[in-house]
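Data first, discussion second: the structure below is written as structure tokens.
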Amino acid sequence: MNNRLKFFKIFSLPIKNGITNFQIREYAFKSDLKIKWVRPEKIPCYKPEKSGDFEGFPEIDKTKIQLDFKECKELETADDSVKKLFTLEYAPRRATVSHYLYETTGKVRRHANDYGSHEVIIAKMTGVIRAMQETMERFPRNKKFKINLKELIDKRKKYLKYLRRWDYKRFEWLLETLNLKYKPMPLDVHWITRKDSLRKLTDQYCDNIRKERLENLKLQLQAEQPAFLEEKIRALEFIRDEQKDCGMEITVSQEEIDKVRNQLEELNIRNKKQEQEES
Amino acid sequence: MALQAASKVSMLLGQCVPCIKQNASKFKIKRLELDTNLNMFFPKVEYIYAHDPEKQCKTGDVVLIEQLPQKMTRLITHKVKEIIYPFGDITDPLTGKKCVVGKYREDIEKISKIYGELDSRFKYDEAPPRGWQEDKKDFSHVETYMKYHETGEDQPYSY
């Protein structure tokens with residue numbers, strides 16, 4: 001209680017003009033620095049930028065025969081108009097999608113009957129995701145569809161995580177062949193706030209100032225180096241001569257002076273080179 | 001019972017985590033600490049920096065680290081002794097063969113040979129060493145962050 005009273009007394013004294021005439025206001029502190037913060041735009045989770053796909057659903061040649069009738073022998077001898085009826089153009093969209101899935105899984109298949117290896121599963125998911133992303137663009141208000149898509153994206157990410165742990169080389173090869181990106185979540189996830197972002201930006205700003213000033217100081221010191229070395233040579237010679245004249249023990253050797261001279265020469269050569277490079 | 005601080009233990013086994021320091025790697029050290037009230041062990045995680053001038057440890061590797069006779073810097077207290085388990089490159093300790101989950105790599109290749117292997121399959125002999133997709137498609141070697149500011153430039157490490 002006593003302490004608190006003392007504290008109160010000190011701070012309730014009438015403050016004279018001078019050193020103590022300021023207030024520390026920590027709450028609602030506003031910085032004077034001219035940092036402009038731009039809030040990053042929110043990207044929905046189903047977009048390729050977030051899901052990690054570098055490419056979307058490609059345009060597929062519609063004149064191809066449907067997957068189910070690809071090896072049909074009767075179709076080979078059939079009339080052109082009949083053939084046309086069995087192309088992707090006259091089939092529902094799911095035929096095009098299944099054609100695309102067959103193509104994507106074909107990029108990573110181990111053997112003709114491979115339907116269940118890790119890479120084929122991930123490739124198939126990738127195909128489905130890309131097809132769904134295209135549909136999502138057309139029907140952005142379909143919430144169930146969006147959830148399904150998000151869950152599939154997350155599942156693929158989980159499988160990629162497992163594959164990375166099991167077999168790193170195959171994981172990298174799969175990313176390359178399917179054109180995918182793997183970026184782990186940051187450890188501490190918090191929603192973006194103005195205050196926190198400004199704090200980080202202020203830190204960056206201060207770091208930059210520090211770096212710039214240090215660099216300027218370095219340049220300044222480098223510019224002063226030749227003059228300093230000349231002065232050093234002169235001083236050393238003076239000391240040596242004085243010691244000789246007074247008949248005292250000579251503490252400055254010729255080697256020491258030569259060393260400084262060499263240093264000066266090297267410095268001059270380096271400076272000339274730098275000037276030439278700049279010009 | 002309090003555990004001895006990880007930075008004072010002479011030898012430790014840790015998992016490498018992403019780190020931006022140039023001549024050191026960061027390790028996650030997980031040990032069990034006894035809670036005397038409950039008489040149960042609970043995991044305790046600590047992070048340690050170890051001197052690694054060539055950056056031979058990659059993210060995820062399990063590495064044996066050894067204490068330095070003197071602290072190198074305020075943070076670097078250990079040095080890397082041996083990489084024991086490279087991440088995603090598992091060797092069966094009994095037979096010495098490489099394996100993926102529950103199967104040997106040889107067996108996987110034999111199976112695909114029986115079915116008739118395709119050119120599209122992954123070939124282990126032709127695969128480049130780990131790390132060729134770093135900064136291109138694989139960003140697991142860096143610490144990512146939530147994007148908090150729109151600079152107009154591309155921020156590859158932002159999530």
Side-chain angles (χ1 to χ4, degrees), chain A residues 35-43 50 52 54 105-114 117-120 123 160-201 204, chain B residues 17-18 28 47 58-61 85-90 98-103 105 108-109 111-152 155-159:
Chain A
I35 295 171
K36 199 176 172 246
W37 175 58
V38 188
R39 184 186 278 276
E41 208 176 309
K42 198 196 169 199
I43 304 167
K50 273 274 172 189
F54 277 110
T105 49
K107 282 182 197 165
V108 293
R109 212 170 281 146
R110 287 179 190 169
H111 48 80
N113 287 359
D114 181 13
S117 64
H118 307 134
E119 50 262 39
V120 165
L160 277 173
K161 186 179 81 184
Y162 290 163
L163 186 62
R164 180 170 169 265
R165 199 171 64 205
W166 293 332
D167 196 346
Y168 212 104
K169 283 180 183 171
R170 192 137 50 95
F171 162 77
E172 284 188 313
W173 165 80
L174 195 65
L175 290 187
E176 176 62 29
T177 34
L178 296 180
N179 213 356
L180 288 176
K181 180 163 70 178
Y182 180 80
K183 199 185 276 182
M185 277 281 264
L187 287 175
D188 46 341
V189 179
H190 193 276
W191 58 90
I192 297 303
T193 56
R194 185 184 142 273
K195 190 164 187 169
D196 195 41
S197 309
L198 274 175
R199 257 183 207 154
K200 281 175 186 162
L201 286 176
Q204 268 180 23
Chain B
V17 291
K28 181 179 169 186
Y47 291 93
K58 303 238 174 187
T59 311
D61 292 354
Y85 299 116
F87 194 65
D89 193 23
I90 302 158
K98 292 280 177 197
C99 53
V100 178
V101 203
K103 286 176 188 160
R105 277 186 201 169
I108 293 173
E109 276 171 21
I111 289 167
S112 46
K113 213 171 242 175
I114 290 166
Y115 278 109
E117 51 191 12
L118 296 174
D119 260 355
S120 56
R121 77 186 197 284
F122 174 63
K123 293 153 198 151
Y124 280 103
D125 351 318
E126 291 170 21
R130 178 192 160 174
W132 64 292
Q133 283 299 333
E134 268 179 18
D135 270 340
K136 287 178 200 160
K137 278 165 188 167
D138 177 17
F139 291 91
S140 55
H141 65 294
V142 281
E143 279 180 76
T144 52
Y145 57 91
M146 297 304 281
K147 192 177 187 177
Y148 59 89
H149 178 56
E150 193 67 70
T151 48
Q155 298 179 28
Y157 303 146
S158 69
Y159 194 79

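Naming convention: chains lettered A, B, ... in sequence-line order (proteins, then strands); numbering from 1 in each chain.
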Which atoms of A:Lys183 come close to chain B, meaning under 4.5 Å heavy atom to heavy atom: side chain ones, backbone ones, both, or neither?
both
Minimum side-chain heavy-atom gap B:His149-A:Val38 below 4.5 Å
yes
Chain A contact via B:Ile108 - side chain, backbone, both or neither, heavy atoms under 4.5 Å
side chain
Could you tell me whether the side chain of B:Tyr148 reaches within less than 4.5 Å of the side chain of A:Leu201, counting heavy atoms only?
yes
Just so I understand: if I count every heavy-atom pair under 4.5 Å between each of A:Arg170, A:Lys107, A:Arg194, A:Glu119 and chain B, which residue has the most?
A:Arg170
Please rank A:Arg39, A:Arg110, A:Lys181 by heavy-atom pairs under 4.5 Å with chain B and give me the top one.
A:Arg110
Any idea which of A:Trp173, A:Phe171, A:Phe54 has the most non-hydrogen atom pairs under 4.5 angstrom with chain B?
A:Trp173
Once rounded to the nearest 0.5 Å, what's the spacing between atom OH of A:Tyr168 and atom CG of B:Asp61?
9.5 Å
With only heavy atoms counted, which part of A:Asp167 is less than 4.5 Å from chain B, the side chain, the backbone, both or neither?
both
Highest number of heavy-atom pairs under 4.5 Å with chain B among A:Val108, A:Ile43, A:Leu174 belongs to A:Val108
Give, as side chain, backbone, both or neither, the part of A:Lys36 having an atom under 4.5 angstrom from any heavy atom of chain B.
backbone
Got a donor-acceptor contact below 3.5 angstrom from the B:Ser112 side chain to the A:His111 backbone?
no
Nearest heavy-atom pair of B:Met146 and A:Pro186: which atoms, and what distance?
SD-CG, 3.6 Å
Compare every heavy atom of A:Trp166 with every heavy atom of B:Val100, then report the nearest pair and how far apart it is.
CG1-CB, 4.2 Å
From the list A:His190, A:Lys50, A:Lys200, the residue making the most non-hydrogen contacts under 4.5 Å with chain B is A:Lys200
Atom OH of B:Tyr85 with >12 non-hydrogen neighbours under 6.0 angstrom
no
Is chain B contacted by the side chain of A:Asn179, its backbone, both, or neither, given a heavy-atom distance below 4.5 Å?
both
Is any NZ, NE, NH1 or NH2 atom of the basic residue among B:Lys137 and A:Glu176 found under 4.0 Å from an Asp or Glu carboxylate oxygen of the other?
yes
For chain A, which of B:Glu150, B:Gln133, B:Arg130, B:Lys98 has the most heavy-atom pairs under 4.5 Å?
B:Arg130
Region of B:Glu117 that comes under 4.5 Å of a non-hydrogen atom in chain A
both
Under 4.5 Å heavy-atom distance to chain A, tell me which part of B:Pro129 shows up: side chain, backbone, both or neither.
backbone
Sort out for me which of B:Glu109, B:Arg121, B:Lys123 touches chain A most, counting heavy-atom pairs under 4.5 Å.
B:Arg121
A:Leu180 portion near chain B, given a 4.5 angstrom heavy-atom threshold
backbone
So what's closer than 4.5 Å to chain A heavy atoms on B:Pro128: side chain, backbone, both or neither?
backbone
Can you tell me if OH on B:Tyr124 sees more than 12 non-hydrogen neighbours from other groups inside 6.0 Å?
yes
Against chain A, label B:Lys136 side chain, backbone, both or neither, depending on which of its atoms sit under 4.5 Å from a heavy atom there.
backbone
If you round to the nearest 0.5 Å, how far is CD of A:Glu172 from CD of B:Glu134?
7.5 Å
What I'd like to find out is whether the side chain of B:Phe122 reaches to under 4.5 Å of the side chain of A:Lys169, using heavy atoms alone.
yes
Segment of B:Tyr145 engaging chain A (4.5 angstrom heavy-atom cut-off):
backbone
Taking side chain as everything from C-beta outward and backbone as N, CA, C, O, which of these in A:His118 sits under 4.5 Å from a heavy atom of chain B? Side chain, backbone, both or neither.
side chain
If you count heavy-atom pairs under 4.5 Å between each of A:Ala112, A:Gly52, A:Pro40 and chain B, which one has the most?
A:Pro40
How long is the span from the OG atom in B:Ser140 to the NZ atom in A:Lys161, to the nearest 0.5 Å?
12.5 Å
